[in-house]
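These notes are about the structure you will find just below.
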Amino acid sequence: MSHPSRSSALRRLPLDLATRMHALEPSATLAMAARAQSMAAAGVDVIDLSVGEPDFPTPDHICRAAEAAIRAGRTKYTPAAGIPDLRKAVAADYTRRSGLAVTAAQVVVSNGAKHALHNVFTALLDEGDEVIVPAPYWVSYAELIKLTGARPVILPTRLEDDFKLRPEALRAALTPASRMLLLCSPSNPTGVVYSPEELGSLADVAIAADLSVVADEIYDQLVFDGRQAVSFPTLRPGLADRTVVVAGVSKTYSMTGWRIGWSICPEPLAKAIGNLQSQETSNPCSVSQHAALAALTGPQECVATMNAAFQVRRDLVAARLRAIPGVRIPDIGGAFYAFFDISPILARGTNGITTSAAWCEALLEKEHVALVAGSAFGAEGNVRMSFASSEEKLERGLDRIARFVGA
Ligand code: PMP
Ligand code: GLU
């Protein structure tokens, strides 16, 4: 006998997905990397320049700290927001590098920066709130925002402006529902680094409109040509009261698999995020926390060494991409991505290929090079290449791309 309140028209099957899942896209970056890996496992000579993951091993002293933590029995639950020493180390490292004093109580350690972002959105966003996200944007932002019932408001930027959001465009996008601005500098996917003046003028708009700001600064140490990335909340007095900084060890120390990231924000919000995490996941992996502690407090030469290698690769990739007719790229000041415009190539419609997704698909099929389509980053007509790969692989990948476009 069916339940009287369930008419057959409204009947949901037991495993029908919740409404919030209907629009959820899988991570395009991780999906492309998985495809490239399975092709490689099948014996294909794939050059995977899809995922943003440093190719260097995690530095040895960090691995040894993890081994020691296991041997010392640090294999149990920790406080949900992270071990006190790590929270202290994150606060001290941030204070030293940014000049803005923060305390351990303002830090919540999470399962990667992605989880930190998810926590922040869950803690701050209500149904119907609008979050302003400049495009091109990193693939997970829009999806994580939508999961909360809030609405990502995607603001396109122009290659001519180095894909930077301008204050006029931000001002024009404001509505009574505007709640948050999301910024990522150095940027994934464009590699662009905002200047302090550019960030300051966005901060003025955010303050005037009373927005919260999430500053994704996970690439803050991966900057080139002697640049220094400034931390957003340092730019105006009081800005720290409305800003959450998200960062982590994944990129800086080549620790993507360890899953340690964090948020830094005013203490009451940090407490709420800690409470949320205590129900969601409990603590991030205890051993990984000890590894991250060693990363932050140990020798830092590894960071400079990896950055120097990334800068050489940036030079190589930028020069070779610029030499391909029809390809344009912005000034890559940091991170390890080249985001290049192929719209003149797509406009030719060769072999019926008119979208970035179709172009990437054909490149993978024909030349076995994995890139990620610009459409996944809200910027059709472009393609992202990760240059967190050896020079040899980059050269071979670029040879194949040049052959593919007939250059
Ligand atoms: N933000 C940006 C801009 C990223 O590129 C990444 C890369 N994964 C993340 C957050 C998430 O980092 P994690 O691997 O620490 O979750
Ligand atoms: N952030 C990296 C990228 O954009 C890793 C993959 C992911 O977390 O989506 O490729």
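As the structure lists them, so they are numbered: ligands from 1, and atoms in each ligand from 1.
- The heavy atom nearest to atom 8 (N) of ligand 1, out of those in Glu53, Lys251, His115, is found in Lys251.
- Of all atoms in ligand 1, numbered sequentially from 1 with element shown, those under 4.0 Å from a heavy atom of Cys184 are 3 (C).
- Using a cutoff of 4.0 Å between basic side-chain nitrogens and carboxylate oxygens, Arg403 and Asp399 are not scored as salt-bridged.
- No donor-acceptor contact under 3.5 angstrom links the side chains of Glu267 and Thr103, judged on distance only.
- Close contacts of ligand 1 with Gly112, meaning ligand atoms under 4.0 Å from a residue heavy atom, involve 15 (O), 16 (O).
- Neither the backbone nor the side chain of Phe336 comes within contact range of ligand 2; no heavy atom lies under 4.0 Å.
- Side-chain contact of Ser185 with Ser187: a donor-acceptor pair under 3.5 Å is absent, judged by distance alone.
- Taking the charged nitrogens against the carboxylate oxygens, Asp55 and Lys393 have no contact shorter than 4.0 Å, which rules out a salt bridge.
- Ser356 places no side-chain N or O within donor-acceptor distance of the main-chain N or O of Val383, the cut-off being under 3.5 Å.
- Among the atoms of Ser50, none of the N or O lies under 3.5 angstrom from an N or O of ligand 2.
- Of the polar atoms of Val139, none of the N or O atoms is found under 3.5 Å from an N or O of ligand 2, judged by distance alone.
- Ligand-side atoms of ligand 2 in range of Val51: 5 (C), 6 (C), 10 (O), range being under 4.0 angstrom from any heavy atom.
- Looking at Asn188 against ligand 2, only its side chain comes within 4.0 Å, counting heavy atoms.
- In Ala113, the parts holding a heavy atom less than 4.0 Å from any atom of ligand 1 are both the side chain and the backbone.
- Closest protein heavy atom to atom 15 (O) of ligand 1: Ser250 OG, 2.6 Å.
- At a 4.0 Å heavy-atom cut-off, ligand 2 touches Arg384 through the side chain alone.
- Looking at Tyr141 against ligand 1, only its side chain comes within 4.0 Å, counting heavy atoms.
- For ligand 1, the atoms sitting less than 4.0 Å from at least one non-hydrogen atom of Tyr219 are 3 (C), 4 (C), 5 (O), numbered in the order shown with element in parentheses.
- Atom 2 (C) of ligand 2 has Lys251 NZ, 3.3 Å as its closest protein atom, hydrogens excluded (heavy atom only).
- Residue Thr256 has no nitrogen or oxygen atom sitting less than 3.5 Å from a nitrogen or oxygen atom of ligand 1, judged on distance alone.
- Near Ser27, with a cut-off below 4.0 Å to any heavy atom, the atoms of ligand 2 are 9 (O).
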Going through the distances and angles, do Ser231 and Tyr94 end up as a side chain to side chain donor-acceptor pair (under 3.5 Å)?
-> CA-CA 9 Å; Ser231 185; Tyr94 179 80; 2.5 Å; yes
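- Nearest protein heavy-atom contact of atom 6 (C) of ligand 1 is Trp138 CZ2, 3.6 Å.
- A donor-acceptor pair under 3.5 Å links the side-chain atoms of Arg87 to the main chain of Val107, judged by distance alone.
- Partner of Leu363 under the side chain to side chain contact (heavy atoms under 4.5 Å, CB included) criterion, out of Glu361, Lys366, Glu367: Glu367 alone.
- At a 4.0 Å heavy-atom cut-off, ligand 2 touches Leu30 through the side chain alone.
- Screening Asp210, Val131, Asp126, Leu125 for a side chain to side chain contact (heavy atoms under 4.5 Å, CB included) with Arg179, the sole residue that qualifies is Leu125.
- Side-chain contact between Leu165 and Leu202 is present, with heavy atoms from C-beta onward closer than 4.5 Å.
- Residue contacts with ligand 1 do not include Gly52, since none of its heavy atoms lies under 4.0 Å from the ligand.
- Nearest non-hydrogen protein atom to atom 2 (C) of ligand 1 is Asp216 OD2, 3.3 Å.
- In this model, no donor atom of one side chain and acceptor atom of the other lie less than 3.5 Å apart for Tyr194 and Asp162.
- With 3.5 Å as the limit, one finds a donor-acceptor pair spanning the side chains of Thr58 and Trp258.
- Nearest to atom 8 (O) of ligand 2 among the protein's heavy atoms is Lys114 NZ, 3.2 Å.
- The shortest N or O to N or O distance between Asn188 and ligand 1 is under 3.5 Å.
- In this structure, Ile273 CD1 and Glu280 CD are separated by 10.5 Å, a value rounded to the nearest 0.5 Å.
- Counting only heavy atoms of the protein, atom 7 (C) of ligand 2 lies nearest to Thr29 OG1, 3.5 Å.
- Remark: minimum distance from atom 14 (O) of ligand 1 to any protein heavy atom is reached at Arg259 NH1, 2.9 Å.
- Look at Asp161 and Lys164 and you find no salt bridge, because none of the NZ, NE, NH1 or NH2 atoms lies under 4.0 Å from a carboxylate O.
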